[in-house]
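One structure is given here, and the rest of the page talks about it.
Excluded from the calculations below are hydrogen atoms, water molecules and symmetry mates; all remaining heavy atoms, backbone and side chain alike, are included.
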Amino acid sequence: MQKQVVKKNERVEEVFNLFISHMQEFLKEAKLNHEEYTNFVNWADRLGRAGELPLYADVFLETHVLRAMYTDKPGTQPSLLGPYFIEGSPEIEKEPGKPYTLTQRPDEAGEVLIFKGNVSNTDGMPLANAKVEMWQNDSTGKYSAFDADAPRYNLRGHFFTDEDGNFEVKSIVPLPYSIPDQGPTGEFLEYMDQHPMRPAHLHFMFEADGHETLITQVFFEGDEWLETDVADGVRTELVTKLEDKGDHKEASLNFVMRRD
């Protein structure tokens with residue numbers, strides 16, 4: 001069998017050497033002994049075997065990466081992609097004079113939500129025909145394609161902004177939920193004496209020609225988990241008010257994309 005030839009990647013070498021340099025300083029500061037190191041390796045092995053590595057990285061690492069990259073930049077702050085995104089959501093058709101309706105079952109339980117938004121760029125220009133990908137959990141706090149009994153693309157879909165960068169979509173009010181906590185990730189939470197809860201939120205991904213893709217979340221005032229989100233994904237500018245309109249709730253938020 002012919003051996004595969006892998007071309008040297010200087011960027012990989014650069015990042016690895018930097019990682020080792022910082023790891024050496026970390027080990028000096030933490031005074032880690034070999035037993036603790038071995039326990040960590042065994043736990044990380046269980047994490048991988050349980051398929052929870054993406055979950056752990058999304059919940060405990062990604063927010064720090066995003067803060068380091070974007071805190072001082074203009075535009076809407078990104079938040080976590082999260083482990084519940086899937087490719088291939090359906091395009092939602094819009095009836096004239098009505099909002100888009102996020103894909104859902106005919107008897108979908110939950111409070112009706114009308115969410116309104118506007119998409120512009122850091123120059124103040126509205127972004128027409130920007131793609132808006134949206135997903136969320138259902139009235140049981142579960143996501144389709146994962147732990148829910150719902151169809152694969154339930155409460156998922158994509159649509160496009162109008163000529164002024166506006167969009168309006170009908171869905172249901174999302175619920176706070178617990179991340180999976182019965183495996184190695186839950187073991188880590190116990191070590192940290194930390195709860196597994198995330199506040200209710202909507203997921204959005206925005207794409208427009210000539211602009212960076214914006215992946216973010218929208219949260220709601222008054223949620224009991226806002227200040228202690230296990231994933232530390234809440235940004236003040238991403239919190240909006242959920243208004244009671246009698247037969248439904250309404251919320252809105254504007255989004256600003258950065259140019260490439």
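For CG of N9, the number of neighbouring non-hydrogen atoms (other residues, nucleotides, ligands) closer than 6.0 Å is greater than 12. Within a 6.0 Å sphere centred on CG of D123, heavy atoms belonging to other residues, nucleotides or ligands number more than 12. More than 12 heavy atoms of other shown residues, nucleotides or ligands fall within 6.0 angstrom of atom CG in D247. In the displayed structure, D107 atom CG is contacted under 6.0 Å by more than 12 heavy atoms of other residues, nucleotides or ligands. Residue F40 places its CZ atom among 12 or fewer non-hydrogen atoms of other residues, nucleotides or ligands, all under 6.0 Å distant. Dense packing is recorded around NZ of K249, with more than 12 heavy atoms of other residues, nucleotides or ligands lying under 6.0 Å away.
A salt bridge links D232 with R67: at least one charged nitrogen is closer than 4.0 Å to a carboxylate oxygen. A salt bridge links D229 with R198: the closest approach of a Lys/Arg side-chain nitrogen to an acidic carboxylate oxygen falls below 4.0 angstrom.
With hydrogens and angles disregarded, no donor-acceptor distance shorter than 3.5 Å links the side chain of R105 to the backbone of N154. In this structure, H203 contributes its side chain and G82 its backbone to no donor-acceptor pair below 3.5 Å.
Under the 3.5 Å distance criterion, with hydrogens and angles disregarded, a donor-acceptor pair is assigned to the side chains of S144 and R156. Side-chain polar atoms of D260 and H211 form no donor-acceptor pair below 3.5 angstrom. Using modelled atom types, one finds a donor on one side chain and an acceptor on the other under 3.5 Å when comparing H248 with E250.
The two residues L80 and Q217 come nearest to each other via the heavy atoms O-NE2, 2.8 Å. Between K170 and Q104, the shortest heavy-atom contact is O-NE2, 3.9 Å. The two residues L214 and T76 come nearest to each other via the heavy atoms CD1-O, 3.7 Å.
The closest side-chain heavy-atom distance from L47 to F188 is not below 4.5 Å. Between M257 and V119, some side-chain heavy-atom pair lies under the 4.5 Å cut-off. Counting heavy atoms from C-beta outward, L55 and P180 have side chains that approach closer than 4.5 Å.
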Run the salt bridge (charged side-chain N to carboxylate O under 4.0 Å, His left out) test on R46 and E187 for me, step by step, so that the C-alpha distance in whole Å, both residues' side-chain angles and the decisive distance to 0.1 Å come before the verdict. CA-CA 11 Å; R46 295 197 303 276; E187 185 180 337; 2.7 Å; yes
Starting from the C-alpha separation in whole Å, work towards a yes-or-no answer on ring pair (Phe, Tyr, Trp, His ring centres under 6.0 Å) for H201 and Y177. CA-CA 10 Å; H201 56 275; Y177 66 91; 5.6 Å; yes
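Pairs of residues two or more places apart, or lying in two chains, that qualify as salt bridge (Lys or Arg N to Asp or Glu O under 4.0 Å) and include a residue from residues 13-22 are K8-E13, R11-E14. For residues 54-63, the set of pairs meeting the side-chain hydrogen bond (donor to acceptor under 3.5 Å, both in side chains) definition, not counting sequence neighbours, comprises T63-R235.
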Donor-acceptor contacts, no H, no angles, side chain residues 218-227, under 3.5 Å, sequence neighbours left out:
| from | atom 1 | to | atom 2 | distance (Å) |
| --- | --- | --- | --- | --- |
| D223 | OD1 | W225 | N | 2.8 |
| D223 | OD2 | A200 | N | 2.9 |

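With ring centers used as reference points, Y100 lies 6.0 Å or more from F167.
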